[in-house]
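Taking it in order: structure first as structure tokens, then the write-up.
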Amino acid sequence: MKKRIISTCIFFIALFMYADDKQVLTKKNVNDHWNDIAFWDHGISSKLVEQGYNYAWESICDDDLTTAWVEGVKGNGIGEWVIVDVDGNYQYLNYEKGISDKKLNIQLKINNGFCKNELTYKNNNRVKKAKLTFYEVPLIAYEDYRGTQSLEEPYIMHESEIVLEDTMNQQDFSFTCSPKAPFPEGSLYLYVQLTILDVYPGEKYQDTCISEISANAEVIKEKKLENKNKA
């Protein structure tokens with residue numbers, strides 16, 4: 001009987017650990033992003049630390065291919081992740097007005113690997129396969145010391161996997177999805193998390209790098225039905 005109880009406890013502990021691992025973006029992390037939007041420590045799972053180099057979150061969204069985010073764990077960095085926010089005109093949508101019928105076109109742009117030059121690109125790992133997780137967040141902009149904050153915990157809107165080419169050229173990905181969160185209020189804001197699933201091995205180092213990631217989402221306009229009863 002004791003063995004059965006222990007086994008059951010282990011099962012539920014593993015289940016909760018998996019659930020926590022599935023969603024890494026939290027309300028607190030979102031608020032930290034808006035408190036220091038240029039240097040977001042919670043936007044990456046790890047980073048390589050080397051004197052004189054910056055491989056932190058801001059290096060992945062600075063429009064500079066000579067910089068890169070480099071994960072900082074032993075091995076190939078499988079399971080490590082980075083999160084960026086999503087720009088676009090969708091941000092006027094408000095949960096109070098009902099937005100589940102709206103469709104969004106999300107464009108993701110990635111410069112894979114360390115694109116400083118061909119040598120840094122080949123010497124380090126590049127992402128081969130990745131999981132994408134899109135989060136909905138209900139934001140409110142206070143006109144006092146509180147600034148912009150999330151009203152609720154983030155909600156996973158969409159997940160998919162992508163395969164990246166082994167090239168320094170920009171790679172584009174497109175997704176169509178709709179808001180799903182049952183938030184009662186707040187303006188829609190999106191984040192996308194890229195989790196490393198497989199890599200192209202580097203010739204010298206095991207560090208996996210990404211030079212740039214950016215995302216944009218636009219509301220897909222509904223086509224007006226033509227009047228078939230024209231005279």
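Side chains included, hydrogens not; waters and symmetry mates left out as well; all remaining heavy atoms used. The structure displayed is predicted, hence computed values, not measured ones.
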Verdict with supporting geometry, Ser174 and Ile106, side-chain contact (heavy atoms from CB on, under 4.5 Å):
CA-CA 6 Å; Ser174 180; Ile106 304 176; over 6 Å; no
Tell me, do Asp85 and Leu190 make a side-chain contact under 4.5 Å, heavy atoms counted?
no
Using a 6.0 Å cut-off, check whether atom CG of Asp41 has over 12 heavy atoms from anything other than its own residue.
no
Should Glu153 and Thr26 count as side-chain neighbours, where that means a heavy-atom distance under 4.5 Å?
yes
Val73-Leu48 co-clustered via ILVMFWY side chain contacts under 4.5 Å
no
What closest approach, in Å, do Asn31 and Gln149 show between heavy atoms, and which atom pair accounts for it?
OD1-CA, 3.3 Å
Closest approach of Glu218 and Gly88, non-hydrogen atoms and distance?
OE2-CA, 3.7 Å
Out of curiosity, Leu104 CG to Ser178 OG, how far, rounded to the nearest 0.5 Å?
6.5 Å
Please test Asn112 against Gln171 for side-chain contact (heavy atoms from CB on, under 4.5 Å), starting from the C-alpha separation and ending with a verdict.
CA-CA 8 Å; Asn112 198 12; Gln171 301 181 54; 3.9 Å; yes
With side-chain hydrogen bond (donor to acceptor under 3.5 Å, both in side chains) as the test, would you mind laying out the steps for Gln170 and Asp172 before giving the verdict?
CA-CA 7 Å; Gln170 177 182 294; Asp172 299 337; 2.8 Å; yes
Hydrophobic clusters here meaning ILVMFWY residues chained together by side-chain heavy-atom distances under 4.5 Å, can you tell me if Val163 and Val199 are in one?
no
CG (Asn124) and CD1 (Ile210) are apart, to the nearest 0.5 Å, by 12.5 Å
For the residue pair Tyr191 and His33, does the interplanar ring angle fall in the parallel (under 30°), tilted (30 to 60°) or perpendicular (over 60°) class?
perpendicular
Euclidean distance, Lys221 NZ relative to Lys102 NZ, rounded to 0.5 Å
11.5 Å
Looking at Glu161 and Lys129, is there a salt bridge between them, counting it only when a charged N and a carboxylate O are closer than 4.0 Å?
yes
Test side-chain hydrogen bond (donor to acceptor under 3.5 Å, both in side chains) on Asn105 and Gln107 and set out the steps.
CA-CA 7 Å; Asn105 177 254; Gln107 301 289 329; 2.6 Å; yes
Are Leu151 and Leu93 in one and the same hydrophobic cluster, where Ile, Leu, Val, Met, Phe, Trp and Tyr link if side-chain heavy atoms are under 4.5 Å apart?
no
Flag the pair Tyr205 / Asn125 as yes when at least one side-chain heavy-atom distance between them is below 4.5 Å, and no otherwise.
no
To the nearest 0.5 Å, what is the distance between CD1 on Ile162 and CG on Leu197?
9.5 Å
Taking all atoms of both residues into account, what is the closest heavy-atom pair of Ser59 and Ala68, and its distance?
CB-O, 3.4 Å
How far apart are the C-alpha atoms of Trp40 and Glu58, what are their side-chain angles, what is the distance that settles it, and do they pass the side-chain contact (heavy atoms from CB on, under 4.5 Å) test?
CA-CA 7 Å; Trp40 189 30; Glu58 56 268 23; over 6 Å; no
Any side-chain heavy-atom pair from Leu108 and Ile110 closer than 4.5 angstrom?
yes
Kindly determine whether Lys109 and Glu212 satisfy salt bridge (Lys or Arg N to Asp or Glu O under 4.0 Å), including the steps that lead there.
CA-CA 8 Å; Lys109 300 179 180 180; Glu212 287 291 318; over 6 Å; no
Between Val127 and Tyr121, is there shared hydrophobic-cluster membership here, with clusters defined by ILVMFWY side-chain heavy atoms closer than 4.5 Å?
no
State the CG-CG distance between Leu65 and Asn111, to the nearest 0.5 angstrom.
4.5 Å
Using 30° and 60° as the class limits, which term best fits the ring planes of Phe114 and Tyr55: parallel, tilted or perpendicular?
perpendicular
Is it true that atom CD of Glu165 has more than 12 heavy atoms of other residues, nucleotides or ligands lying nearer than 6.0 Å?
no
If you apply the rule side-chain hydrogen bond (donor to acceptor under 3.5 Å, both in side chains), what do you find for Ser46 with Glu71, and how did you get there?
CA-CA 5 Å; Ser46 66; Glu71 49 78 26; 4.6 Å; no
Search all heavy atoms of Gly202 against all heavy atoms of Arg126 and return the closest pair with its distance.
CA-NH1, 3.8 Å
Shortest non-hydrogen contact from Ala215 toward Val192
CB-CG1, 4.1 Å
Has Thr148 got a side-chain atom pairing as donor or acceptor with Trp34's backbone, closer than 3.5 angstrom?
no
Validation row: Val24, Gln193 side chains within 4.5 angstrom (heavy atoms):
yes
Answer with yes or no whether the hydrophobic clustering places Met168 together with Val70; edges join I, L, V, M, F, W, Y residues whose side-chain heavy atoms lie under 4.5 Å apart.
no
Side chains of Tyr135 and Ile156 in contact at under 4.5 Å (non-hydrogen atoms)
yes
Take Ile44 and Ile60 through the side-chain contact (heavy atoms from CB on, under 4.5 Å) test and state the conclusion after the steps.
CA-CA 10 Å; Ile44 51 177; Ile60 207 169; over 6 Å; no
Heavy-atom check, side chain of Asn76 versus side chain of Asp198, under 4.5 Å
no
According to ring-ring contact (aromatic ring centres under 6.0 Å, His included), does anything in residues 68-112 pair up with another residue at least two apart or in another chain? List the pairs.
Tyr95-Phe183
Which residue is it: Val137, Asn29, Ile140? I am looking for the one with a side chain to side chain contact (heavy atoms under 4.5 Å, CB included) to Ser150.
Val137
Should Thr67 and Ser211 count as side-chain neighbours, where that means a heavy-atom distance under 4.5 Å?
no
How many angstroms lie between CD in Glu136 and CD1 in Ile99, if you round to the nearest 0.5 Å?
6.0 Å
